[in-house]
J.: 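Quick one: the structure is below, and I'll ask about it shortly.
Computed from a predicted structure; not experimentally measured. In this chain, numbering begins with 1 at the start of the sequence shown.
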Amino acid sequence: MDSDHITSLAAEALRLTQLTLRDRLPHFGTVLAVPENRWTDGVSGTDGVDFWWNPAEVCRLFAEDLRRLMRVQLHLLLHGLYLHAFREPVCGGRIWALACDIATEYRIDRMAVPGFERPVPAVRSRCYRELKEAGIPMQEREIAEWLALRDKERLRELEQVFRRDDHSRWTQREQDGEDHEFREAGAPDDLQRKLAAVHRWRTVFESLPLSEREHRRQAGGSGGGETQAIVLEEGRGYDYRRFLKRFAVSGEERRLDLDSFDYIPYDYSRSRYENLVFLEPLEYREVRKLRELVIAIDTSGSCSGEMVRHFLEETWEILREKENFFEEMHVHIIQCDCLVQDHARISSEREWKDYLRDIEVKGHGDTDFTPVFRLVDEMCESGELSDLRGLLYFTDGDGVYPSEAPDYETAFVFLSRDLKKGRTPDWAYDLCLE
């Protein structure tokens, strides 16, 4: 097959890939129109102005897995949007390029593009977790400073995981893995071409939030991302009252106990004495209700937005029933994928309503249940939770479970048996909402 024919096939493959990306990310339409495709015998990449593709590589990726070619194209688009090819590196060029690749892949993973791998592969997720636990913001400069402290072997490992393109056309040049050097600015025409590209990328970048909002308004959809707003509907829910009795504790509640009230002496005293009555009804009543409860919600990539919406609606149904709880309650609502992403403390009906006002789902990474149990154990040890009887964990079941049973009862809650993944531990309850 001659080179012209291969180039023609590659051009058609890129066109189809672009159409697929436009369909899955409608608000990226203007972004996809910025660069032009050019051809090279080397590795595909970008100079910040155009995309340089190896025709044989494009055809191979298209034939093997369209998603891989889509991901490379999206990777290059984000390099353009964040002006990686033109920004001054804070460390050596090799480290800067790797930092840009990590930040780019992280943003793609958090975009939740339909068809891309879910959950996030462990090799990438471990790197994200390491950065988060070290308190490193997922920004190029901070990642580069963190990478500068890693040894060469670790840098090579990360490059194998995150690199998808060639950076030799960037303003800073790579040479055999050594640190980059700045390239001469070049001819005036070349400089003007790059300045024009920077202006186009910035214009498109600034218009993206408006494009996404407009798409959501018209289509009622969501472009994905690390944080997603949720609007709940009333009138759904499983009848938890019988099950939640397992977690109830005895206590006194300020309330007239008419069951223990004897009307005969009371009526007699009222008729015989003006200011004296016998056996007033008790002002306190002993009841069994929930005082402390932990509700965890799996917000990993394996749980769709619709599934998380159901989980939140079920949480709503639990807390809106005042008969379930003492007036003084301690309810903890935890969002977790492989890390605890959000922790809300609810102690009153007013706080619950405040929480409902603007719910956001955070996460979309791998699934690991153990961070929630670690957090709950810490709260029990510190005394923040003093009489916890139970934990409800809304999930699809696809994740890492604790190896040992906690001191409190736990129920993993699924939408249905059909959607349940994995096998829950023997020490936990299974509860299906169907």
J.: Are Asp337 and Arg129 within salt-bridge range, i.e. N to O under 4.0 Å?
T.: no
J.: Indicate yes or no: at least one non-hydrogen side-chain atom of Asp101 is less than 4.5 angstrom from one of Asp165.
T.: yes
J.: Kindly indicate, with the supporting measurements, whether the criterion side chain to side chain contact (heavy atoms under 4.5 Å, CB included) is fulfilled by Arg163 and Leu98.
T.: CA-CA 7 Å; Arg163 173 158 292 189; Leu98 179 55; 5.7 Å; no
J.: Looking at every heavy atom in both Tyr128 and Ile102, which two are closest together, and how far apart are they?
T.: CE2-O, 4.3 Å
J.: Flag the pair Arg345 and Glu351 as a salt bridge only when some basic side-chain nitrogen lies within less than 4.0 angstrom of an acidic carboxylate oxygen.
T.: no
J.: Do Arg107 and Met138 come close enough that some side-chain heavy atom pair is under 4.5 Å?
T.: no
J.: Quick check on Arg154: does its CZ atom have over 12 non-hydrogen neighbours (other residues, nucleotides or ligands) under 6.0 Å away?
T.: yes
J.: I need the Leu77 CG to Ile108 CD1 distance, nearest 0.5 Å.
T.: 8.5 Å
J.: Considering non-hydrogen atoms only, spot the tightest contact between Val49 and Ala197 and give its length.
T.: CG2-CB, 3.7 Å
J.: When you compare the side chains of Ser44 and Glu57, does any donor N or O come within less than 3.5 Å of an acceptor on the partner?
T.: yes
J.: Within the distance-only criterion (no hydrogens, no angle test), does the side chain of Ser125 pair as donor or acceptor with the backbone N or O of Pro121 below 3.5 angstrom?
T.: no
J.: Measuring only between side-chain heavy atoms, which start at C-beta, is Tyr106 closer than 4.5 Å to Cys127?
T.: no
J.: Starting at OG1 of Thr410, measure out to CZ of Phe373 and round the result to the nearest 0.5 Å.
T.: 4.0 Å
J.: What's the spacing between Asp166 CG and Thr46 OG1 if we round to 0.5 Å?
T.: 10.5 Å
J.: So, does Glu384 use its side chain to make a donor-acceptor pair with the main chain of Met379 at under 3.5 Å?
T.: no
J.: Taking Gln335 for its side chain and Val340 for its backbone only, find out whether a donor-acceptor pair lies under 3.5 Å.
T.: no
J.: Is Arg169 salt-bridged to Asp50, going by a charged N under 4.0 Å from an acidic O?
T.: no
J.: Please report the shortest heavy-atom distance between Ile6 and Pro55, naming the atom on each side.
T.: CG2-CB, 3.8 Å
J.: Please report the C-alpha distance between His84 and His167 in whole Å, then the side-chain angles of each, then the deciding distance to 0.1 Å, and finally whether the ring-ring contact (aromatic ring centres under 6.0 Å, His included) criterion is met.
T.: CA-CA 10 Å; His84 289 160; His167 302 146; 8.7 Å; no
J.: Could you tell me if the side chain of Leu392 sits less than 4.5 Å from the side chain of Val294, heavy atoms only?
T.: no
J.: Under the criterion ring pair (Phe, Tyr, Trp, His ring centres under 6.0 Å), which of Tyr401, Tyr429, Phe394 is the partner of Phe412?
T.: Tyr401
J.: Once rounded to the nearest 0.5 Å, what's the spacing between atom CD1 of Ile334 and atom NE2 of His332?
T.: 7.5 Å
J.: Taking atom CG of Asp151 as the centre, report whether more than 12 heavy atoms of other residues, nucleotides or ligands fall under 6.0 Å from it.
T.: yes
J.: Which heavy atom of Cys338 sits nearest to which heavy atom of Pro371, and what is that distance?
T.: O-CG, 3.3 Å
J.: Would you say the side-chain atoms of Thr299 pair up with the backbone N or O of Lys362, donor to acceptor, closer than 3.5 Å?
T.: yes
J.: Would you check if the side chain of Trp201 reaches a backbone N or O of Gly48 as a donor-acceptor pair within less than 3.5 Å?
T.: yes
J.: Judged by atom type as modelled, is there a donor-acceptor pair below 3.5 Å linking the side chain of Ser386 to the main-chain atoms of Gly383?
T.: no
J.: What I'd like to find out is whether the side chain of Asp430 reaches to under 4.5 Å of the side chain of Phe414, using heavy atoms alone.
T.: yes
J.: Is it true that Arg60 and Glu64 make a salt bridge, defined as a side-chain N closer than 4.0 Å to a carboxylate O?
T.: yes
J.: Is there a side-chain contact between Asn54 and Val43, using heavy atoms and a 4.5 Å cut-off?
T.: no
J.: Quick one: does Arg200's side chain get under 4.5 Å of Arg202's, heavy atoms only?
T.: no
J.: Is Glu409 salt-bridged to Arg389, cutoff N-O under 4.0 Å?
T.: no
J.: Please determine whether a side-chain nitrogen of the Lys or Arg among Arg374 and Glu378 lies less than 4.0 Å from a carboxylate oxygen of the Asp or Glu.
T.: no
J.: Quick check for you: to the nearest 0.5 Å, what is the distance between Arg67 atom CZ and Arg24 atom CZ?
T.: 8.5 Å
J.: What closest approach, in Å, do Leu69 and Trp53 show between heavy atoms, and which atom pair accounts for it?
T.: CD1-CZ3, 4.1 Å
J.: Roughly how far, to the nearest 0.5 Å, is the NE2 atom of His79 from the CG atom of Leu74?
T.: 11.0 Å
J.: Only one of Arg94, Arg164, Arg150 forms a salt bridge (Lys or Arg N to Asp or Glu O under 4.0 Å) with Glu159, so which one is it?
T.: Arg94
J.: Carefully, step by step, assess Glu130 and Trp146 under the rule side chain to side chain contact (heavy atoms under 4.5 Å, CB included).
T.: CA-CA 11 Å; Glu130 189 177 352; Trp146 178 79; 3.5 Å; yes
J.: Here's a test for you: under side chain to side chain contact (heavy atoms under 4.5 Å, CB included), which of Val413, Asp298, Ile297 qualifies with Thr395?
T.: Asp298
J.: Of all heavy-atom pairs between Val34 and Thr30, which one has the smallest distance, and what is that distance?
T.: CG2-O, 3.4 Å
J.: Any side-chain heavy atom of Phe86 sitting closer than 4.5 Å to one from Lys194?
T.: yes
J.: Side chain to side chain contact (heavy atoms under 4.5 Å, CB included) for Tyr82 and Glu140? Distances and angles first, verdict last.
T.: CA-CA 10 Å; Tyr82 288 91; Glu140 293 83 351; 4.1 Å; yes
J.: For the pair Asp4 and Ser8, evaluate side chain to side chain contact (heavy atoms under 4.5 Å, CB included) and give the outcome as yes or no after the intermediate values.
T.: CA-CA 6 Å; Asp4 289 342; Ser8 177; over 6 Å; no
